There are 2 protein chains.
Amino acid sequence: MTKLSNSFKKIQSFYDQKKRMPSYSEMAKLTGVSSKNAVYKMVERLCGLDLISKDETGRLIPGKSFQGVRLLGYVEAGFPSPAEEELSDTMSMDEYLIDNKEATFMLKVKGDSMIGAGIMPGDMVLVERGREARDGDIVIAEIDHGWTMKYLHRRNGKIILMPANPKYLPILPKEELKIAAVVKAVVRKY
Amino acid sequence: MTKLSNSFKKIQSFYDQKKRMPSYSEMAKLTGVSSKNAVYKMVERLCGLDLISKDETGRLIPGKSFQGVRLLGYVEAGFPSPAEEELSDTMSMDEYLIDNKEATFMLKVKGDSMIGAGIMPGDMVLVERGREARDGDIVIAEIDHGWTMKYLHRRNGKIILMPANPKYLPILPKEELKIAAVVKAVVRKY
DNA sequence: AGTATAGGTGAACGAGCGTTCACCAGTCAA
DNA sequence: TTGACTGGTGAACGCTCGTTCACCTATACT
């Protein structure tokens, strides 16, 4: 554990708590040095490593690999050794899952009608409004004054809402069918 | 759309891009007013709504409902109308999914051995290292020089690794069994 | 007509910012 | 032993920060 990466972790956890970067003086206190210039040089080093950046006004902003969790390989291909972890990429969940924050909503799944698609009751789904639903998408649809989540299929001009559970029957909407949102992601927490 | 919430959105998207709050002068440019004091009063109003906060040094930090996506109700209980959306809570994916960033890793699932638990091939799992595995947890385990993801069960002192797919057989480790990590969440993107 | 009130202007204040300077103590290779 | 380098101190610089002041509109409500 180098001193540099130790200081970086302190800065990282400061940002996690406050959602802003510490000033140079604050970093001096965090890292235990008593001169702003020592910090300044350290920040320059961190900028070189792309861990921290500066915007056009000189203010500090988190660098590319600042936020998020480390991304590893495949689970069946083996779990990396501690040495390999150093090289791994990082990824923020928010960035990974959300394209358009304004139109994205999270909602909780009730019922088991999509269990065959790996969506269990109690899961959270991230849905995006105003996006065009394509054949095979999972959608939130209004059907006969109620809302359901189903696969959307188009068969020669007609729309079919397919559950992913043999217990339930496909829905052939008679008249009104409003697609409220398209399911973009599923999230389950244990 | 009030002017206040319009300005707030500009600030929000500034933060999204730069990962820091704009200064009062920057906000003045963003919102089109020409006096810092006008911005100051606006920020006070936003602080009252908990959209923006100040830390102990007076610097601005994002408020509680600043980041993340809006959280809605149950999907089968109905999709809220636009009016209801105003009242909804918000939630950051990072905060929701990650407790201990240092020990959390993301890895991609290969194979269908946990399909019964709603974990499909290609899904991402968030795993946490160094956490004690309890009975019923899904774990990443080293078994006979390989790594797998399985349910962990304890039966009178013995450990069984259970797949969630009838195609595969439970694993009764003979000797060495190292639990590398516990699966905390599953994420699937469409 | 009168008058609160919400929201804006423009100037001012001290404090703290990011940055730079000159200098110093160790470490390591030549 | 010398000399270059790395990482630190402490003081200084101009600039921008957050904040406050007095004053200025409009609109809304008696």
Side-chain angles (χ1 to χ4, degrees), chain A residues 1-67 83 86-87, chain B residues 1-67 83 86-87:
Chain A
M1 181 69 59
T2 76
K3 191 164 187 205
L4 187 68
S5 82
N6 209 336
S7 301
F8 176 66
K9 278 188 186 163
K10 294 230 179 77
I11 296 169
Q12 229 176 334
S13 83
F14 184 101
Y15 186 89
D16 274 351
Q17 283 166 40
K18 306 257 221 164
K19 308 295 181 202
R20 70 165 174 90
M21 286 302 242
S23 74
Y24 285 67
S25 339
E26 283 168 329
M27 287 190 208
K29 270 175 205 151
L30 280 178
T31 57
V33 298
S34 62
S35 156
K36 273 203 295 176
N37 186 28
V39 178
Y40 185 78
K41 290 178 185 168
M42 182 193 70
V43 168
E44 295 270 287
R45 267 174 272 146
L46 289 171
C47 283
L49 299 169
D50 266 329
L51 296 171
I52 291 182
S53 304
K54 301 187 187 187
D55 66 7
E56 60 280 0
T57 70
R59 294 157 87 103
L60 299 178
I61 54 178
K64 218 187 141 293
S65 351
F66 200 91
Q67 295 169 107
E86 304 282 337
L87 312 167
Chain B
M1 182 69 59
T2 76
K3 190 163 187 205
L4 186 68
S5 81
N6 209 336
S7 302
F8 176 66
K9 278 187 185 164
K10 294 231 178 77
I11 296 169
Q12 229 175 335
S13 82
F14 184 102
Y15 186 88
D16 275 351
Q17 284 166 41
K18 305 255 220 165
K19 309 295 180 201
R20 71 165 174 90
M21 286 302 243
S23 73
Y24 285 67
S25 337
E26 284 168 329
M27 287 189 207
K29 270 174 206 153
L30 280 178
T31 58
V33 298
S34 63
S35 155
K36 274 201 298 178
N37 186 27
V39 179
Y40 186 80
K41 289 177 185 167
M42 182 194 69
V43 168
E44 296 268 288
R45 265 174 273 147
L46 289 172
C47 283
L49 299 170
D50 266 330
L51 296 171
I52 290 182
S53 305
K54 301 187 187 186
D55 65 7
E56 61 280 358
T57 69
R59 294 157 87 101
L60 300 178
I61 54 179
K64 217 185 142 295
S65 351
F66 200 91
Q67 295 167 106
E86 304 283 336
L87 313 166

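The shown structure was predicted, so the numbers you read here are calculated from the model rather than taken from an experiment. Per chain, numbering begins at 1; letters A, B, ... match sequence-line order.
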d([atom1], [X]; [atom2], [N]) in whole Å:
X       : N      : atom1 : atom2 : value
A:Met42 : D:dG7  : CE    : C1'   : 12 Å
A:Lys29 : C:dC17 : NZ    : P     : 8 Å
B:Lys41 : D:dC24 : NZ    : C1'   : 10 Å
A:Leu60 : C:dG16 : CG    : P     : 18 Å
B:Glu56 : D:dG18 : CD    : C1'   : 15 Å
A:Glu44 : D:dG8  : CD    : P     : 14 Å
A:Asn37 : C:dC17 : CG    : P     : 15 Å

Check your understanding: Taking only side-chain nitrogens and oxygens of A:Ser34, does any of them come within less than 4.0 Å of OP1 or OP2 of D:dG10?
Key ->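 Yes, because at least one side-chain N or O of A:Ser34 sits under 4.0 Å from OP1 or OP2 of D:dG10.
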Review point. Within the pair A:Arg45 and D:dG7, is there a side-chain N or O less than 4.0 Å away from OP1 or OP2?
Key: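 Indeed, a polar side-chain atom of A:Arg45 lies that close.
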Would you say the side chain of [Y] lies within less than 4.5 Å of the side chain of [X], judging by non-hydrogen atoms?
X       : Y       : answer
B:Met21 : A:Arg20 : no
B:Ser23 : A:Arg59 : yes
B:Leu46 : B:Ile11 : yes
A:Phe14 : A:Met27 : no

Practice item. Could you tell me the separation between the CZ atom of A:Arg45 and the OH atom of A:Tyr40, rounded to the nearest 0.5 Å? Key: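 Between atom CZ of A:Arg45 and atom OH of A:Tyr40 there are 12.5 Å.
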Exercise for review: Measure the spacing between CD1 of B:Ile52 and CD of B:Gln12 and express it to the nearest 0.5 Å.
Suggested key: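 Atom-to-atom, B:Ile52:CD1 and B:Gln12:CD are 9.0 Å apart.
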Practice item. Map B:Ala38 and A:Gly58 onto DNA chain C by nearest heavy atom, then report which one ends up closer to the 5' terminus. Key: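 The residue mapped nearer the 5' terminus is B:Ala38.
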Practice item. With a 4.0 Å heavy-atom cut-off, tell me which residues in residues 19-27 of chain A come close to DNA chain C, sorted by residue number. Key: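 Result for residues 19-27 of chain A: A:Ser23, A:Tyr24, A:Ser25, sorted by number.
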Point to revise | Salt-bridge contact A:Lys18-A:Glu26 (side-chain N to carboxylate O under 4.0 Å) | key: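 Salt bridge: no.
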Check your understanding: Looking only at N and O atoms, is any donor in the side chain of A:Lys36 or the base of D:dG10 less than 3.5 Å from an acceptor on the other one?
Key ->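 Counting by modelled atom types and ignoring angles, no donor-acceptor contact under 3.5 Å is found here.
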**Study point:** Closest-nucleotide 5' rank along DNA chain D - winner of A:Ser35 and A:Arg59
**Key:**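 Here A:Ser35 is the residue nearer the 5' end.
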Check your understanding: Any idea which of D:dC17, D:dG8, C:dT20 is nearest the A:Tyr40 side chain?
Key ->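 Closest nucleotide to the A:Tyr40 side chain: C:dT20.
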